[in-house]
Amino acid sequence: MIYANDVRAIDVRDANALQRFVELLVEYECSLPIDLRHGSQPDPASVREAYDRPHGGFLAYIGDVSAGCVATIRLDESTAIIQRLYVKPAYRQRGIARALVVAALDFCRERGYQRVVLDTEKERLSAAYSLYASLGFKDCAPYGPVTYQNPTFMELRCG
């Protein structure tokens, strides 16, 4: 898939893409404040298991550089979760995060999900919150538990 600003967002399936995806997930975890981290650092086997079909993992490339990632997981028959959106600091403000979320939303729509949910921390991750709001996500009730304080839950109705 090709998106704005020559950003290619691709589904993670081959071993090379999976390794780059894992590297970005590790970098993402390390970039978060300690109280917003998701636990242990991911490894290739757990990532493959976590994001294999019906779930999805996506990388954004600028040229040959993997500049960002995002993932989707199936919550139930009608709902998917977008998670782990990350763009390397040197590549921010280029539309990469938007391209990744659009790729994830396309993936969800193609699979017939009627609702896409996510969680963020509105105050400390305000750029992410603003991006999601600009794409039509609205604040909503919690869809499940999270491991950090003060989450902001959001949803987008696809149907």
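As the structure is a prediction and not an experimental result, all values here were calculated from the model.
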Asker: Closest approach of Arg20 and Leu59, non-hydrogen atoms and distance?
Answerer: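 For Arg20 versus Leu59, the nearest heavy atoms are CB-CD1, 4.0 Å.
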
Asker: Salt bridge (Lys or Arg N to Asp or Glu O under 4.0 Å): which pairs involve residues 122-137, sequence neighbours left out?
Answerer: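 Sorted pair list: Asp35-Arg124, Glu121-Arg124.
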
Asker: Measure the spacing between NZ of Lys88 and CD of Glu27 and express it to the nearest 0.5 Å.
Answerer: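 Between Lys88 NZ and Glu27 CD, I get 5.5 Å after rounding to 0.5 Å.
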
Asker: Minimum heavy-atom separation for Ala104 to Val70, with atom names?
Answerer: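 Answer, listing the atom of Ala104 first, then Val70: CB-CG1, 4.1 Å.
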
Asker: Only one of Leu131, Leu105, Thr152 passes side-chain contact (heavy atoms from CB on, under 4.5 Å) with Phe137; say which it is.
Answerer: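 When Leu131, Leu105, Thr152 are each tested with Phe137, the side-chain contact (heavy atoms from CB on, under 4.5 Å) holds only for Leu105.
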
Asker: Can Val65 and Tyr91 be said to form a side chain to side chain contact (heavy atoms under 4.5 Å, CB included), step by step?
Answerer: CA-CA 10 Å; Val65 176; Tyr91 294 95; 3.4 Å; yes

Asker: Please enumerate all residues that pass side chain to side chain donor-acceptor pair (under 3.5 Å) together with Arg92, with sequence neighbours excluded.
Answerer: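 Testing Arg92 for side chain to side chain donor-acceptor pair (under 3.5 Å), a comparison that skips the adjacent residues, returns none.
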
Asker: Does Tyr129 offer a backbone N or O that forms a donor-acceptor pair with the side chain of Thr120 under 3.5 Å?
Answerer: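 No; zero donor-acceptor contacts below 3.5 Å.
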
Asker: Under 4.5 Å between any side-chain heavy atoms of Cys158 and Tyr113, yes or no?
Answerer: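 Of all side-chain heavy-atom pairs linking Tyr113 with Cys158, none is under 4.5 Å.
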
Asker: Between Val101 and Ile82, is any pair of side-chain heavy atoms under 4.5 Å apart?
Answerer: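 Yes; the side chains approach each other to less than 4.5 Å.
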
Asker: With side chain to side chain contact (heavy atoms under 4.5 Å, CB included) as the criterion, how do Thr72 and Ile81 come out once you've worked through the C-alpha distance, each side chain's angles and the decisive distance to 0.1 Å?
Answerer: CA-CA 5 Å; Thr72 64; Ile81 303 170; over 6 Å; no

Asker: When you compare the side chain of Glu29 with that of Tyr86, does any pair of heavy atoms fall below 4.5 Å?
Answerer: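 They are not in contact (no side-chain heavy atoms under 4.5 Å apart), so the answer is no.
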
Asker: Hey, are the side chains of Arg98 and Leu100 touching, using non-hydrogen atoms and a 4.5 Å cut-off?
Answerer: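 Not touching, per the 4.5 Å side-chain cut-off.
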
Asker: When rounded to the nearest 0.5 angstrom, what distance separates SG in Cys108 from CD in Gln114?
Answerer: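 If I round to the nearest 0.5 Å, the distance is 12.5 Å.
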
Asker: Excluding sequence neighbours, so at least two apart, what forms side chain to side chain contact (heavy atoms under 4.5 Å, CB included) with Ser126?
Answerer: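 Partners of Ser126 by the side chain to side chain contact (heavy atoms under 4.5 Å, CB included) criterion come out as none, since no residue qualifies.
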
Asker: For residues 125-150, which residue pairs qualify under salt bridge (Lys or Arg N to Asp or Glu O under 4.0 Å), counting only residues two or more places apart or in two chains?
Answerer: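 Sorted pair list comes back empty.
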
Asker: Flag the pair Ile62 / Ile96 as yes when at least one side-chain heavy-atom distance between them is below 4.5 Å, and no otherwise.
Answerer: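 Contact flag for Ile62/Ile96 side chains = yes.
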
Asker: Over all heavy atoms of both residues, which pair between Ala71 and Phe21 is shortest? Give the atoms and the distance, please.
Answerer: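 Result for this residue pair: CB-CZ, 4.1 Å.
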
Asker: Apply side chain to side chain donor-acceptor pair (under 3.5 Å) to Ser31 and list each qualifying residue two or more places apart in sequence or on a separate chain.
Answerer: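 By the side chain to side chain donor-acceptor pair (under 3.5 Å) rule, Ser31 matches no residue at all.
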
Asker: Do the side chains of Arg115 and Val117 get nearer than 4.5 Å, heavy atoms only?
Answerer: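 Sidechains of Arg115 and Val117: in contact.
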
Asker: Yes or no on side chain to side chain contact (heavy atoms under 4.5 Å, CB included) for Arg84 and Leu25, after CA distance, side-chain angles and deciding distance?
Answerer: CA-CA 7 Å; Arg84 311 292 194 271; Leu25 290 178; 3.7 Å; yes

Asker: Under the side chain to side chain donor-acceptor pair (under 3.5 Å) rule, collect the residues that match up with Tyr143, sequence neighbours excluded.
Answerer: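 Side chain to side chain donor-acceptor pair (under 3.5 Å) check on Tyr143 returns Asp119.
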
Asker: How many angstroms lie between atom OH of Tyr28 and atom SG of Cys69, to the nearest 0.5 angstrom?
Answerer: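 Those atoms lie 8.5 Å apart.
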
Asker: On the ring face of Phe107, is Arg111 found with NZ or CZ under 6.0 Å from the centre and within 45° of the axis?
Answerer: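 Yes, Arg111 sits over the ring of Phe107.
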
Asker: Side-chain contact, heavy-atom cut-off 4.5 Å: Leu85 with Tyr132?
Answerer: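 Yes, side chains in contact.
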
